[in-house]
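So the structure is just underneath, and the comments pick up after that.
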Amino acid sequence: MTRTTSGAALPKSYRPADFEGEIYERWLAADVFAPDGGGSTADPDATPFVIIQPPPNITGALHLGHALTSALEDLMIRHARMEGRPTLWLPGLDHASIAAQYVLDRRLAGEGETRESLGRERYLERMWAFINATREVMLGQQRRIGASLDWSRLRFTMGDQTARAVRESFSRLYREGLAYRTEALVNWCPGCRTSVSDLEVIPTAETGTLWVVRYHVVDPATGAPSPTETVAVATTRPETILGDTAVAVHPDDERYRALVGATVRIPFVEREVPVLADDAVDPAFGTGAVKITPAHDHTDYETGRRHGLPMVTVLDDEARVSGTGTPYDGLDRYEARARIVADLEARGDLVESRPHDMLIGRCQRSNDVVEPRLKTQWFIRTGPLAEAALTATRSGRTRIVPRRFEKVWESWMTSIHDWNVSRQLWWGHRIPAWYCPDGHATVSPEEAGPAACEACGRPVAELTQDPDIFDTWYSSGLWPFATLGWPDDTPDLRRYYPGSVMETGYDIIFFWVARMMMLGIHFMGDVPFETVYLHGLVKDPFGARMSKTKGNVVDPLEAISTSGADSLRFALINGTSPGNDQKFRDEKLHEARNFANKLWNAARFVAGARPSTIPEAAARQSPDPARLGPTERWIASRTAATVRAVDRALAEFGFGEVTRILYDAIWSEYCDWGLELAKVRLADETLEPEVREATWWTLVEALDTYLRLLHPVMPFVTEALWATIPHREDDPDLLIVARWPQPAGRDPGLELEVGAIVELVRGIRNARAEARVEPAARLPVDVAVPARLAATFGALAPAVERLARARPLRTHPTAATLHDRAGSDGLAVIAGDLEAVVAVAPSGERTARPDSARLEKELAEAERFLAAARSRLADEAFTSKAPRAVVEGARTREVELAATVARLRDRLGRA
RNA sequence: GGGCGAUUGGCUCAGUCGGUUAGAGCGCGCGGUUCACAUCCGCGAGGUCGCUGGUUCGAAUCCAGCAUCGCCCACCA
């Protein structure tokens with residue numbers, strides 16, 4: 001097989017839209033995404049690297065958060081792939097019960113239909129039609145951003161495989177006593193007409209009303225309510241009065257001590273209920289006496305259970321008053337509330353009403369006010385599961401990045417409640433529980449249900465399946481192993497479980513990460529992933545959450561079409577750190593696009609700079625070590641430094657650091673100095689052709705390395721550019737499966753020497769600019785070059801001539817000979833121990849120096865630093881206690897500064 | 001009420017296992033048709049690193065307290 005450059009000239013302009021799609025197709029055709037794909041170059045014996053991604057909801061379009069997730073996960077997977085590890089990143093979609101039904105219901109409403117009018121079967125048909133239309137959109141968006149997902153393993157959480165896993169896992173939990181069915185107070189959303197988990201209830205700060213209501217104490221003698229003896233209670237929901245079954249006070253509350261044990265009459269329902277003492281009552285709030293509605297309030301429910309109170313349900317599924325035997329039956333909760341308040345006032349039992357700031361629980365999906373209700377539902381006992389999950393994080397088996405979230409994790413996991421998994425919806429996995437007319441429940445992993453009732457043996461035909469479905473997060477929690485074939489013992493499951501990194505936003509740590517951990521450990525006997533990497537949220541430029549209603553969303557596809565997927569990826573990753581939110585602005589996108597453009601042009605330059613002695617389709621060569629000058633060695637050394645820095649950042653999940661390092665290295669080092677210095681070498685006809693060839697191969701080598709390093713962040717442009725440079729013998733055809741660079745040796749001494757010369761060039765440019773020299777003018781420059789820099793300076797002199805526009809450039813052994821020869825008319829430049837004079841006026845009148853202001857400033861600064869260095873060195877505490885290297889550094893620094901100060905004073909004519 | 005995070009030049013952000021002179025992009029000022037790039041090049045201005053105190057030879061970095069903003073958790077009706 002031939003390994004050659006394509007030789008095709010790059011288009012002049014960087015236009016990502018012209019090649020990104022085509023490159024993705026090439027990756028697909030080469031079959032390089034799957035760990036066992038035909039184009040994989042992975043070492044089959046290496047430890048696989050597996051990314052667990054949150055499958056996006058099938059209903060929505062991708063937003064920037066998805067784009068960030070894809071960018072980060074793709075970065076990790078590409079890096080691991082280039083390291084030669086088999087990599088698995090399994091794509092999928094989540095069926096999102098509530099979200100999907102919410103969307104479809106609204107659509108149906110537009111057609112004058114409802115869930116009920118269609119019926120379960122036709123409704124689900126509509127749902128499948130709906131999601132089949134959206135799924136391609138969702139998957140297409142991930143392709144656009146360049147995600148190298150293994151499409152051969154695509155999974156949907158409503159697929160048959162997941163359905164089996166759901167039934168099997170739940171049956172096991174039931175048999176193990178970890179799943180149980182009971183009547184309990186659940187969060188009921190009247191809009192969605194389903195229960196929701198605690199996590200899906202959003203506490204919302206609102207100003208409501210606090211009503212103080214008087215209940216009449218029943219006279220034990222007459223059995224009638226006393227007209228005068230009353231107890232006042234405070235409530236924000238007067239309609240729940242109808243469900244009151246007690247009044248509670250704090251046991252230590254002197255005001256009410258005598259009342260404990262008494263009976264009060266609840267208005268309207270005329271129910272007689274006890275006054276009892278309970279620690280949960282806060283004597284300082286309201287009147288210090290609280291009405292207890294066990295069937296409609298979480299706190300009251302607990303109180304009710306402690307005291308064995310009756311639980312009276314007074315609201316139906318749509319939050320209408322029901323079954324109270326009062327005229328309020330059938331009224332909506334808020335209408336009933338208004339009537340009840342009015343009627344209380346009429347009776348003279350309304351003591352007061354005042355505005356009250358409080359937290360109201362609203363449904364995450366529909367925003368309706370959630371109503372606690374008693375329902376018979378399935379729960380999962382989380383205690384033992386959470387304990388195992390905590391053991392995993394405490395032992396370090398699974399670690400969380402950044403670490404501060406471990407604390408959040410701990411506190412949540414240690415105070416976790418049992419998980420209500422029943423949802424009164426249709427779109428989702430049906431709970432595999434069957435009930436017989438005698439009330440026995442049988443849970444079966446079989447789709448058709450059990451053969452007969454476990455308890456009484458009634459045949460399945462007489463059993464009825466639970467109408468409810470599972471909370472979406474139940475199947476999501478099975479994701480890391482259900483997608484690999486569980487409950488079957490498959491090769492994939494053995495090879496790719498547990499996963500390496502689970503990457504997601506910190507906002508779903510409890511929804512998803514916690515559930516995967518609990519279920520994964522339970523069913524697989526090991527954690528589902530070794531590392532949890534949490535990214536921050538993408539906010540708008542003002543720091544607000546992006547939302548459709550605010551109209552501040554940035555569409556990733558639009559960003560891609562204007563700036564390219566590479567730019568969007570770079571923009572999202574650059575300048576971010578784990579777990580921290582970021583504000584996204586167009587400027588970030590522009591910066592990223594400019595960087596891609598820079599890289600594009602650098603590669604174009606390299607391609608065009610090939611010496612004519614190298615054939616166009618030449619095989620890749622390493623530069624001949626014998627022909628390398630300081631320029632070439634500097635480029636190689638700095639490139640090696642970048643490889644090490646990037647490796648270090650990647651090892652610490654510092655992805656924002658990776659982009660910063662590469663941006664600086666490619667732009668400020670490789671382009672600004674590497675290419676500029678190399679240009680001079682390549683154009684130098686006095687050099688042997690072999691030397692110029694070595695220069696060019698050095699540029700190719702460095703460019704190759706930078707393209708590899710940048711590929712995980714900007715896969716498209718790097719792949720496109722890599723195709724234009726000669727490849728090594730052992731390189732594959734595509735960069736995506738090429739090898740990650742090995743760190744090469746550095747040459748710190750040479751880096752310092754070249755660095756000094758770079759500083760001199762900067763100094764000369766600065767002096768010229770300050771003195772308003774015509775930018776294009778070439779001026780004679782005399783430089784004093786100390787012996788230790790002589791060789792390097794000699795080699796770089798032609799470059800200094802060009803970059804500092806110095807002509808002629810003359811060197812002198814000492815500052816004394818320099819000034820002797822150059823006189824004192826010119827602009828003085830002091831850069832470390834290099835000193836130069838730029839001749840501005842060949843025959844000038846001896847007036848004030850044109851550069852005295854600049855030199856004075858430099859002197860003042862140098863003196864300030866020198867004084868600081870000296871005072872530090874004069875401090876015995878410093879010299880005795882600081883590490884030797886730090887003290888030595890300060891000494892060196894002092895010597896250098898002293899020399900600089902002396903030179904500057906000399907130039908300024910001071911002693 | 002508990003917890004977490006942020007606070008660095010006009011803006012957006014890096015930088016903390018303490019150590020030379022705190023960085024970048026954008027913006028700003030001056031100047032540029034240098035044959036890769038005006039999506040560019042060169043030069044420059046601009047920061048007592050939120051406040052107070054402590055630890056230390058040395059603090060943007062560690063500790064304590066405070067302030068402002070944001071987020072998470074929590075059964076004050």
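Within every chain, numbering begins at 1; the chains are lettered A, B, ... in the order of the sequence lines, protein sequences first and strands thereafter.
A salt bridge is defined here as a Lys NZ or Arg NE, NH1 or NH2 lying under 4.0 Å from an Asp or Glu carboxylate O, and E591(A) with K588(A) fails to meet this definition. Salt bridge E206(A)/R362(A): present, at least one basic N to carboxylate O contact under 4.0 Å. The pair D297(A)-R237(A) counts as a salt bridge, with a side-chain nitrogen and a carboxylate oxygen less than 4.0 angstrom apart.
A 6.0 Å sphere centred on CZ of R306(A) holds more than 12 heavy atoms belonging to other residues, nucleotides or ligands. Other residues, nucleotides and ligands place no more than 12 heavy atoms under 6.0 Å from the NE2 atom of H417(A).
rU61(B) and rU16(B) have their P atoms separated by 13 Å, given to the nearest Å. Straight-line distance between the C1' atoms of rA60(B) and rU48(B): roughly 12 Å, to the nearest whole Å. rC49(B) sits 15 Å from rC62(B) when the P atoms are compared, rounded to a whole Å. rG3(B) and rA14(B) have their P atoms separated by 25 Å, with the value rounded to a whole Å. Spacing between rU39(B) and rC26(B) at atom C1', rounded to whole Å, works out to 14 Å. Nucleotides rC75(B) and rG1(B) place their C1' atoms 13 Å apart, quoted to the nearest Å.
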_Nucleic acid footprint by protein, nucleotides 61-66 of chain B - heavy-atom cut-off 4.0 Å, B for base, S for sugar-phosphate alone_ = ------

_nucleotides 33-49 of chain B: protein proximity per nucleotide (B base, S sugar-phosphate only, - neither; heavy atom, under 4.0 Å)_ = ---BB-BSSSSSS----

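For F716(A) and W600(A), the distance between ring centers is not under 6.0 angstrom.
Distances shown here put a side-chain N or O of K583(A) below 4.0 Å from the OP1 or OP2 atom of rC13(B). A sub-4.0 Å separation between OP1 or OP2 of rA14(B) and a side-chain N or O of S577(A) is present.
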Any N/O pairs under 3.5 Å between the protein and nucleotides 75-77 of chain B? List them or say none.
residue, atom, partner, partner atom, Å
rC75(B), O4', T299(A), OG1, 3.2
rC75(B), O2', T299(A), OG1, 2.6
rC76(B), O2, D282(A), OD2, 2.5
rC76(B), N3, D282(A), OD2, 3.3
rA77(B), OP2, H356(A), NE2, 3.4
rA77(B), O2', A234(A), O, 2.9
rA77(B), N6, D282(A), O, 2.7
rA77(B), N6, F285(A), O, 3.1
rA77(B), N1, D282(A), N, 3.3

